[in-house]
Amino acid sequence: MGNIFGRKRRSRSPSRTRPCCKLKQQRDKLKQYQKKIALQLQRERELAKQLLHDGKKEKAKLLLKKKRYQEQLLEKTENQMSNLEKMVEDIEFAQIEMKVIEGLKIGNDCLKKMHEVMSIEEVERIMDETQEGIDYQRQIDELLAGSLTMEDEEAILEELEAITQEDVELPAVPTEPLPSPTPGRCVRFPGE
């Protein structure tokens, strides 16, 4: 009933998620261990101060040695944490890469199926039929429009050449001087 309106949920492969989950669990355990040691170091430092205040220098020294050892352990756990986090990132990135590869594989299969349906010969045949249809339509258009023949085109070009060769008469230039403009008065020229 839960997938009536949604798509079907795919369960993740246990082989893919299990290592990542285990690494994350280890990382979380190391974080808890770090917190525990950090609190313990703080308590031991306060206790060492109290021992020095009470005059028990040897016990304070021994306690500080223990504290130093635990600080080294804390540093090692930090290195292990960074290694685990790097591994988790690498695994997650590898999972993304696998999804990309699966997508490419599906795309290639789809292209192959499309190529099987439509071959180069089929495309060439369709293109030839299209060109034949265009040529046929052009012939029909020429018949309906009554297009000019080559002889008609040549006659038109000859007539055009004859017209351009004729002397073209220009209008006569006026010989009268133009009136000079007076200030504040508009001069109107003929034809305006």
Side-chain angles (χ1 to χ4, degrees), residues 1-28 81-192:
M1 198 90 187
N3 64 356
I4 290 175
F5 296 109
R7 61 185 169 142
K8 190 175 182 180
R9 286 185 146 216
R10 285 191 290 165
S11 64
R12 290 188 177 178
S13 170
S15 62
R16 288 186 189 171
T17 57
R18 206 174 279 150
C20 199
C21 286
K22 285 184 179 181
L23 287 174
K24 287 180 180 180
Q25 288 173 348
Q26 288 297 324
R27 179 194 62 197
D28 293 342
M81 282 272 296
S82 65
N83 288 341
L84 282 176
E85 287 176 354
K86 175 84 170 99
M87 282 180 148
V88 167
E89 289 173 5
D90 290 345
I91 289 173
E92 288 174 344
F93 185 71
Q95 288 174 341
I96 290 171
E97 285 178 331
M98 286 177 61
K99 288 180 182 178
V100 168
I101 289 172
E102 287 175 16
L104 289 173
K105 211 185 274 186
I106 290 169
N108 283 338
D109 291 342
C110 185
L111 281 174
K112 285 178 185 176
K113 288 178 183 176
M114 290 176 69
H115 290 155
E116 288 173 5
V117 171
M118 191 175 301
S119 65
I120 293 177
E121 293 81 20
E122 181 72 14
V123 172
E124 288 175 346
R125 185 186 61 77
I126 291 172
M127 294 299 290
D128 289 341
E129 288 176 1
T130 304
Q131 187 60 44
E132 288 173 6
I134 291 171
D135 292 340
Y136 186 73
Q137 185 62 41
R138 191 173 297 135
Q139 289 174 356
I140 291 173
D141 291 343
E142 288 174 0
L143 287 174
L144 292 176
S147 64
L148 302 174
T149 63
M150 287 300 288
E151 293 171 357
D152 293 335
E153 290 286 333
E154 289 175 6
I156 290 171
L157 289 175
E158 287 175 8
E159 187 176 348
L160 184 65
E161 184 66 29
I163 291 173
T164 56
Q165 295 298 327
E166 294 177 2
D167 290 332
V168 179
E169 285 189 40
L170 296 175
V173 179
T175 56
E176 302 169 7
L178 293 174
S180 62
T182 55
R185 190 170 162 210
C186 258
V187 177
R188 295 194 139 209
F189 293 102
E192 284 189 325

Q. Should the heavy atoms of other residues, nucleotides or ligands under 6.0 Å from CD of E129 be counted, would the total exceed 12?
A. yes
Q: Output the distance between atom CD (E154) and atom CD (E151), rounded to the nearest 0.5 Å.
A: 7.0 Å
Q.
Return the CG to CG distance between L84 and D28, rounded to the nearest 0.5 Å.
A. 10.0 Å
Would you give me the side-chain donor-acceptor pairs under 3.5 Å for residues 115-123, sequence neighbours excluded?
residue, atom, partner, partner atom, Å
H115, ND1, L111, O, 3.3
S119, OG, E121, OE1, 3.4
S119, OG, E122, N, 3.3
E122, OE2, R125, NH2, 2.5

Q | Shortest non-hydrogen contact from M81 toward R27 | A | SD-O, 3.4 Å
Q | N-O pairing of K24 and E92 below 4.0 Å | A | yes
Q. Can you tell me how far the CG atom of N108 sits from the CD1 atom of I101, to the nearest 0.5 Å?
A. 11.5 Å
Q.
Run the salt bridge (Lys or Arg N to Asp or Glu O under 4.0 Å) test against D90 and tell me which residues pass, sequence neighbours left out.
A. K86
Validation: residues 131-139 side-chain donor-acceptor distances under 3.5 Å, sequence neighbours left out:
residue, atom, partner, partner atom, Å
Q131, NE2, D135, OD1, 3.1
Q137, NE2, D141, OD1, 3.1

**Q.** More than 12 heavy atoms of other groups within 6.0 Å of E159 CD
**A.** no
